[in-house]
There are 2 protein chains.
Amino acid sequence: MEFQKDGTSRTRKARGRPRDWHDKTAQNTIKSLDRAIEVFEHLSEAQGKPLSVIAEEMGQSPATVYRVLVTLETRGLVEFDSVEQVWFIGARAFVIGARFLRRTSLVDRARPILRKLMEATGETANLGIEKEGDVLFLSQVETHANIRAFFPPGSLSPMHSSGIGKAVLAFMDDDRLTRVLDAAAFEAFTEHTITTAEDLRADLDQTRVRGFAIDNEEKNVGMRCIAAPVFDMNSEVVAGISVSGPISRVAQDQADRLSRAVIDASRQLTQAIGGIAPALS
Amino acid sequence: MEFQKDGTSRTRKARGRPRDWHDKTAQNTIKSLDRAIEVFEHLSEAQGKPLSVIAEEMGQSPATVYRVLVTLETRGLVEFDSVEQVWFIGARAFVIGARFLRRTSLVDRARPILRKLMEATGETANLGIEKEGDVLFLSQVETHANIRAFFPPGSLSPMHSSGIGKAVLAFMDDDRLTRVLDAAAFEAFTEHTITTAEDLRADLDQTRVRGFAIDNEEKNVGMRCIAAPVFDMNSEVVAGISVSGPISRVAQDQADRLSRAVIDASRQLTQAIGGIAPALS
DNA sequence: TTGACTTTTTCATATTGTGAATTTATTTTT
DNA sequence: AAAAATAAATTCACAATATGAAAAAGTCAA
């Protein structure tokens with residue numbers, strides 16, 4: 001199987017008015033519920049405050065905010081510290097929210113984003129993770145162009161010569177990074193391949209500043225690749241997204257456009273899996 | 001700050017009518033919001049269903065459920081699969097829920113310790129707390145091994161059949177212990193599950209002497225788990241750390257090595273949060 | 001095309017959510 | 001110790017709005 005394109009709803013059902021419609025009309029929302037969610041969201045961003053402060057910050061009547069909080073509290077979605085008289089997000093919210101993860105995998109979430117990335121850039125889009133010191137390619141959406149990059153899903157590639165590998169390494173914590181580098185063989189595939197830990201660290205520093213990694217014919221002659229990291233709920237790197245293609249198309253004067261698209265996609269995926277990009281340091 | 005236990009009112013303020021009161025009165029809740037949360041909770045337990053099914057299961061009008069879901073959807077708390085026409089918990093719910101963890105720095109402090117523990121033992125390392133008579137798993141670092149234990153963060157598990165649960169219970173003060181045991185259902189999950197308060201108390205006595213708890217296939221057949229308690233500044237147990245894996249790897253002859261690592265990790269975490277292990281008694 | 005089925009929207013109605021003002025409780029000041 | 005100040009919880013009267021039934025709008029299967 002595999003290979004359903006988006007939009008082809010070749011499968012059964014989907015009766016009733018199709019979704020998409022309502023998005024435009026959408027005055028079907030419940031106002032009071034919407035206001036309540038606003039309180040909930042606000043609280044999640046600014047926990048540990050007393051009622052009066054929350055109400056004031058939101059420009060809402062204390063009475064209303066109070067009732068919302070009390071209602072949420074009876075369900076455990078928020079908690080009240082009766083000593084400090086302040087409100088927090090509750091354990092139940094964590095339990096319910098965590099069920100989000102039970103649904104789809106990284107790969108599922110990434111598919112539509114990869115497809116959009118491919119369409120926006122015209123180049124093959126890839127998704128990969130770190131697996132025991134190598135990059136494991138999980139998924140890709142191929143360009144329509146006749147000359148194309150190709151990493152079969154399931155294939156492994158050394159970190160030091162891969163765009164995704166470098167994007168992941170650049171945002172890895174020091175301990176893990178050191179361990180991976182110590183174990184790395186730094187095999188030279190082309191004359192551009194980075195072959196020492198020092199050079200690689202320098203490259204990673206640049207990557208971190210830029211926000212994206214470049215593989216400049218470091219694995220395959222004639223192929224360039226631009227990659228950006230994807231983060232999980234702990235702001236730890238879990239994957240990388242890239243576009244790759246011949247140097248003629250992935251050229252210097254295209255770097256800006258392409259990197260923007262890749263970073264955008266990586267952010268979307270981070271968000272789609274409930275991750276949080278780390279604060280800049 | 002960190003970790004004030006309930007009840008210590010050493011600090012200032014707390015004006016207005018004290019909380020506790022309203023709990024009994026509590027007709028201050030917003031009914032429509034309460035109904036909406038019910039939908040949200042129901043969805044979290046039974047994801048991937050179409051509107052009609054959800055409405056029917058809840059005995060609610062489809063129109064109402066529809067409006068609730070659409071409202072939640074605009075906020076990202078819920079997601080709709082327009083191909084399959086089914087509803088899910090959304091990424092935003094996960095992000096908000098995860099902020100529950102920000103209330104204390106427990107998880108932040110624990111992560112590096114968990115990672116080291118996983119690396120030292122080769123088994124999945126977990127962090128959990130007691131929450132209303134259940135163990136709530138907060139965080140984990142998975143092993144690289146292909147056969148692995150998996151307690152997704154955010155999941156709940158009964159205390160009596162969990163390593164972390166028993167580690168926490170063993171070092172809980174008598175009042176709280178008695179209360180938890182009285183409320184416990186002692187559901188039997190396997191033939192090894194402890195099903196009476198007496199047996200559990202005996203097990204806890206051993207645990208206290210040993211300094212660590214063992215879950216010997218008491219929840220899942222084939223899974224063993226070794227856990228140790230984490231204490232706060234008042235020497236009260238606030239969490240537990242464990243490693244868990246298949247009985248083949250978490251074997252008798254490994255008990256020494258593993259328990260040492262777990263105890264070491266739990267001590268590190270106790271220290272990292274400014275806690276003090278209780279004097280032996 | 002038609003028929004069966006599900007999701008949206010409409011609409012009339014009463015429920016119920018709302019903020020202002022009041023009461024109750026606690027802390028701080030005098 | 002009493003009074004003033006502050007903040008939380010309640011009350012109340014009224015309008016806003018949530019609600020379910022039923023109709024409409026789509027989609028799928030035959």
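Naming: A, B, ... by sequence-line order, numbering from 1 per chain.
A pairwise comparison of heavy atoms in B:Gly133 and B:Val180 identifies CA-CG1, 4.5 Å as the closest pair. Between B:Val107 and B:Leu101, the shortest heavy-atom distance links the atoms CG2-CD2, 3.8 Å. Closest heavy-atom contact between B:Ile89 and B:Gln47: N-OE1, 3.0 Å.
If you measure from atom CZ of B:Arg67 to atom P of C:dT10, you get 11 Å, rounded to the nearest angstrom. For the pair B:Leu33 CG and D:dT17 C1', the computed distance is 15 Å after rounding to whole Å. Rounded to a whole Å, the CZ atom of A:Phe80 is 14 Å from the P atom of D:dA7. The distance between atom CD of B:Glu38 and atom P of D:dT19, rounded to the nearest whole Å, is 12 Å. We find that CD1 of B:Ile37 is positioned 16 Å from C1' of D:dA18, with the value rounded to whole Å. As rounded to whole Å, 17 Å separates atom P of D:dT6 from atom CD of A:Gln85. Straight-line distance from the CG atom of B:Asp34 to the P atom of D:dA18: 15 Å, rounded to whole Å. Between the CG atom of B:Asn28 and the P atom of C:dT18 there is a distance of 13 Å, rounded to whole Å.
Between B:Phe231 and B:Phe171, a ring centre-to-centre spacing shorter than 6.0 Å is recorded.
Between B:Phe80 and B:Trp87, the ring planes lie tilted relative to each other; the angle falls in the 30° to 60° range.
Toward the 5′ end of DNA chain D lies the nearest nucleotide of A:Leu51, the other residue of the pair A:Leu51 and A:Lys31 mapping further downstream.
Taking only side-chain atoms of A:Ile30, from C-beta outward, the nucleotide of C:dT16, C:dT7, D:dA18 with the closest atom is D:dA18. Relative to the side chain of B:Arg35, the nucleotides C:dT16, C:dT18, D:dA8 differ in distance, and C:dT16 lies closest.
Listed pair A:Ser32 / D:dT17 fails the phosphate criterion, with no side-chain N or O lying under 4.0 Å from OP1 or OP2. A sub-4.0 Å separation between OP1 or OP2 of D:dT10 and a side-chain N or O of A:Tyr66 is present. Checking the phosphate oxygens (OP1, OP2) of C:dT7, a side-chain nitrogen or oxygen of B:Ser52 falls inside 4.0 Å.
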